[in-house]
There are 2 protein chains.
Amino acid sequence: MPTTHAHISHSFHVLSQNDLLAALPADELERIQHHLELIPLPLGEVIYEFGGKLSHVYFPTTAIISLLYVTEDGASAEISIVGNEGMIGVAIFMGGGTMPNMAVVQSAGYAYRLKAQLLQQEFNRSLPMRHLLLRYAQALLTQMAQTAVCNRHHSIEQQLCRWLLLSFDRLPSDELVMTQELISNMLGVRREGITDAARKLQSAGLIEYRRGHITLLDRQGLEDNVCECYRVVKREYDRLLPDRIAT
Amino acid sequence: MPTTHAHISHSFHVLSQNDLLAALPADELERIQHHLELIPLPLGEVIYEFGGKLSHVYFPTTAIISLLYVTEDGASAEISIVGNEGMIGVAIFMGGGTMPNMAVVQSAGYAYRLKAQLLQQEFNRSLPMRHLLLRYAQALLTQMAQTAVCNRHHSIEQQLCRWLLLSFDRLPSDELVMTQELISNMLGVRREGITDAARKLQSAGLIEYRRGHITLLDRQGLEDNVCECYRVVKREYDRLLPDRIAT
DNA sequence: ATCAGTCTGTGTGATAGCGCACAGAAATAA
DNA sequence: TTATTTCTGTGCGCTATCACACAGACTGAT
C-alpha cells in the first residue's frame, strides 16, 4: 500500500531533503507545504512518457530520475539526471507543458509531488520561487549541453565515471542498485562496453560491484578519472543553487 | 564603421525579421523598440566567451550564431544553433548571468541587441514577454537534448543533414558561406569526415558546394536523409513558438 | 536443494571514425 | 601574371566501439 508506506516514511522525511524545497523562503514553503505529497518511486517507474502531459511535478528526496530519449529504432540516451537537487517537470513553468523525452526512475526512493497547476500559480505569483526554479532550469540546461559534449568526445570509461559521480552525488548512500545493462541504456552504449569500463574501475579500486550493486570506494579516484564534463556541471549547479540550506 | 553600416541597413531591416520580437504584443514592442540597436555580426565574431558576462542580449535577423563548448584539449562541439527564430542570452533572464560555453557567429548578418538589464526588467514586468522567452528557452533546451542524442547515435552524414537543415531554416537565402573545416568544428568531428559526407550529399544532388560555399538544391532530399533529431527539434520550435507573426 | 532467470565475462570479426600526410584545386594577394 | 594561402580530395593504418554469440556465475523462487 503506497499510502501507508508514504505515511510511515513521512516521519523520516523532511521537506528540506530536496534542495529546491529547502531553498524556498519560509512563507512560500508554508503556502505549498500542505499540498506536497510524499510518494514512493519504485525502480523503473515511468513518470512521464515522450510528450506526455504532467499532472504533477516531482521533487525527489532519495529517488533518482533519468530523463531519457528513445530513438525510433529503440536506442536510448540519457539527457540528464535529476535527484534531490532538483525537480521533474520544468516544462510546467517553462510553458510548454510537455517535452519530447521520458522520465524514468533510475534509483528507487521518494519524491514530494505537487499539482502542476499549483506550481504554475506559485511560479507566477512568487518572485523568489521564480528565481529559484529558473536558476535550476539553467543548471539543467547546462547538464544537457555537457551531455552532448561528453557523448561526442569522451570514452565510455570517462562517461561511466561522470555518470557514477552524478548519481552518487544525488544518493544518500554509497551503494547504487543498478545493473550494467541499465547503465548501458542510460549512456546509450553496449552493455559489454560498460562491463569493460566497470572492470577497469573495479581493479583500480575505485568501485566494487556484484550483480546489480555498485559500491563507491574511492570518490577522489573517480574524480581523477572523470572528464571535465562532470566538473563543469557540478560547478554550475553549485554556482546557480548555492542556498541549499537557506532562508 | 559599424555604426554607418548599421544605419544604412536599417532601412532594409524590420524588427519582425526576428520571430521573438515579432511575437511580442504591440505595446511591449513599443516599449523596447527605441533601445534596440541593429548590429552587424561578421563571421567568427565571438559574442561571449566561456563564462563571460553578457552586457547585451541579441535577437538575430539574418545572422546565425552557434553555441559552442570547447574542451580542455581544444576539441569543440556545437550545443545549439540560434538564428532569427531566437535570441542569444537566455542566461540573463534565467538568472545565472553566464553559461559555460561560447557564442560565435557562424554566418554573418545582423542582429538587434538590447541591454541585458533592460531585458531583465521587461522579463520581470511583462507576462507576455516572460511567457514568450520561457517557451523559447524550452525549445532551446530541446535542441540541446537532441544534440546529445544525435551525437550518441547518428552518423556523420545524418548529423550533417541535420546541421544543414537547421542552418538553412535560419537563413534568408539558399547559400551558406561555410568551409568544411568550420562545419567539422561545429559537429566536433574530423574535417575529412565532413568532406566524405558532403561529397555523398552532392553526388545525390541534394547540395552543391565549392570552396566555402554550400548551396541547397533539394530540401526534401535532405529531409529524407536526416535523422529524427531534426524533426523533433523543428516540431518543438513550431509547437512552442507558433505565433511568429502574431498580435 | 534445485532450477529458471538474470547478470557478467569473454571472444571474434566488422566498421565508423580518427590521426596523419600530402597532392591538387581554387581563391587571394603581390 | 605569379606567388601564396586556403580549401578539398584521397590514402593508409589505428582504435574504440559495435554486433553477435555463448559460457559461467549469481540470485531468488519454488
Side-chain angles (χ1 to χ4, degrees), chain A residues 42-44 71 73-78 106-108 148-164 175-204 207-215 225 227, chain B residues 43-44 71 73-78 106-107 148-164 175-204 207-215 225 227:
Chain A
L43 178 63
T71 65
D73 50 327
S76 60
E78 190 179 66
Q106 179 213 107
S107 176
V149 173
C150 208
N151 283 353
R152 164 63 62 223
H153 290 294
H154 299 134
S155 69
I156 292 187
E157 187 177 340
Q158 288 175 308
Q159 292 181 54
L160 178 58
C161 289
R162 171 176 64 85
W163 189 88
L164 287 172
E175 196 188 335
L176 184 57
V177 178
M178 173 72 43
T179 65
Q180 300 186 349
E181 172 97 36
L182 282 178
I183 298 179
S184 75
N185 290 155
M186 307 278 180
L187 295 184
V189 300
R190 280 182 324 151
R191 194 262 312 159
E192 295 91 323
I194 299 298
T195 300
D196 284 357
R199 225 167 11 77
K200 280 189 202 165
L201 296 182
Q202 174 158 260
S203 49
I207 61 172
E208 192 178 52
Y209 64 89
R210 44 168 245 289
R211 256 185 101 81
H213 298 253
I214 305 178
T215 309
N225 254 51
C227 53
Chain B
L43 178 63
T71 66
D73 52 327
S76 60
E78 189 178 68
Q106 179 213 107
S107 177
V149 173
C150 207
N151 284 352
R152 163 65 61 224
H153 290 293
H154 299 134
S155 69
I156 292 187
E157 187 177 340
Q158 288 176 307
Q159 292 182 52
L160 178 59
C161 289
R162 172 177 63 87
W163 188 89
L164 287 172
E175 197 187 335
L176 185 56
V177 177
M178 173 71 42
T179 66
Q180 300 187 348
E181 173 97 37
L182 282 178
I183 298 179
S184 75
N185 290 156
M186 307 278 179
L187 295 184
V189 300
R190 282 184 322 154
R191 193 264 310 160
E192 294 91 325
I194 300 297
T195 300
D196 284 358
R199 226 168 9 78
K200 280 190 202 164
L201 297 181
Q202 173 157 262
S203 50
I207 61 172
E208 191 178 50
Y209 64 89
R210 44 165 244 288
R211 257 186 99 81
H213 297 254
I214 304 178
T215 309
N225 254 50
C227 52

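Just so you know, these numbers use all the heavy atoms, side chains as well, and skip hydrogens, waters and symmetry mates. Every chain is numbered from 1, with letters handed out A, B, ... down the list of sequences.
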Need to verify one output field. Residue with the more 5' nearest nucleotide on DNA chain D, A/His213 or B/His213?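 Nearest-nucleotide comparison on DNA chain D picks B/His213.
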B/Ala198 vs A/Gly188, nearer the 5' end of DNA chain D by closest nucleotide: B/Ala198
Measure the distance from [atom1] on [X] to [atom2] on [N] and round it to the nearest whole Å.
X: A/Asp73; N: D/dC18; atom1: CG; atom2: P; result: 14 Å
X: B/Ile194; N: D/dC7; atom1: CD1; atom2: P; result: 15 Å
X: A/Leu182; N: C/dT6; atom1: CG; atom2: P; result: 13 Å
X: B/Arg199; N: D/dC7; atom1: CZ; atom2: P; result: 19 Å
X: B/Arg211; N: D/dT6; atom1: CZ; atom2: C1'; result: 5 Å
X: A/Asp196; N: C/dC7; atom1: CG; atom2: P; result: 18 Å
X: A/Gln202; N: C/dG9; atom1: CD; atom2: C1'; result: 12 Å

Which part of the nucleic acid, if any, lies within contact of A/Gly212, taking any heavy atom under 4.0 Å across all strands shown: a base, the sugar-phosphate backbone alone, or nothing?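 Sugar-phosphate only.
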If only atom types and distance count, is the side chain of A/Ser184 paired as donor or acceptor with the main-chain N or O of A/Ile194 below 3.5 Å? no
Quick one: does A/Asn151's side chain have a donor or acceptor within less than 3.5 Å of a partner on B/Ala148's backbone? yes
Side chains of A/Arg199 and A/Tyr209: does their closest heavy-atom pair fall under 4.5 Å?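 Result yes, sub-4.5 Å side-chain heavy-atom pair found.
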Polar contact flag, side-chain donor to acceptor under 3.5 angstrom, A/Arg191-A/Thr195: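 Side chains of A/Arg191 and A/Thr195: pair found under 3.5 Å.
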D/dG9 base / B/Arg191 side chain donor-acceptor hit below 3.5 Å: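 Flag set: donor-acceptor pair detected.
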Nucleotide nearest B/Arg210 when distance is taken to its side chain, options D/dT17, C/dA27, D/dT8: C/dA27
Which nucleotide wins on minimum distance to the side chain of A/Gln180, given the candidates C/dG11, C/dT8, D/dT10?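 Nearest to the side chain of A/Gln180 among the choices is C/dT8.
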Quick one: is B/Arg190 getting a side-chain N or O under 4.0 Å of the C/dG17 phosphate, OP1 or OP2?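 So the side-chain polar atoms of B/Arg190 never come under 4.0 Å of the phosphate oxygens OP1 or OP2 of C/dG17.
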A/Tyr209 side-chain N/O to C/dG9 phosphate OP1/OP2 under 4.0 Å: yes
From the list B/Gln159, B/His154, B/Glu157, side chain to side chain contact (heavy atoms under 4.5 Å, CB included) partner of B/Cys227 resolves to B/His154
Please compare B/Ile156 and A/Thr195 by the position of their nearest nucleotide in DNA chain C and report the one closer to 5'. A/Thr195
Comparing nearest nucleotides in DNA chain C, the 5'-proximal residue of the pair A/Met178, A/Arg152 is A/Met178
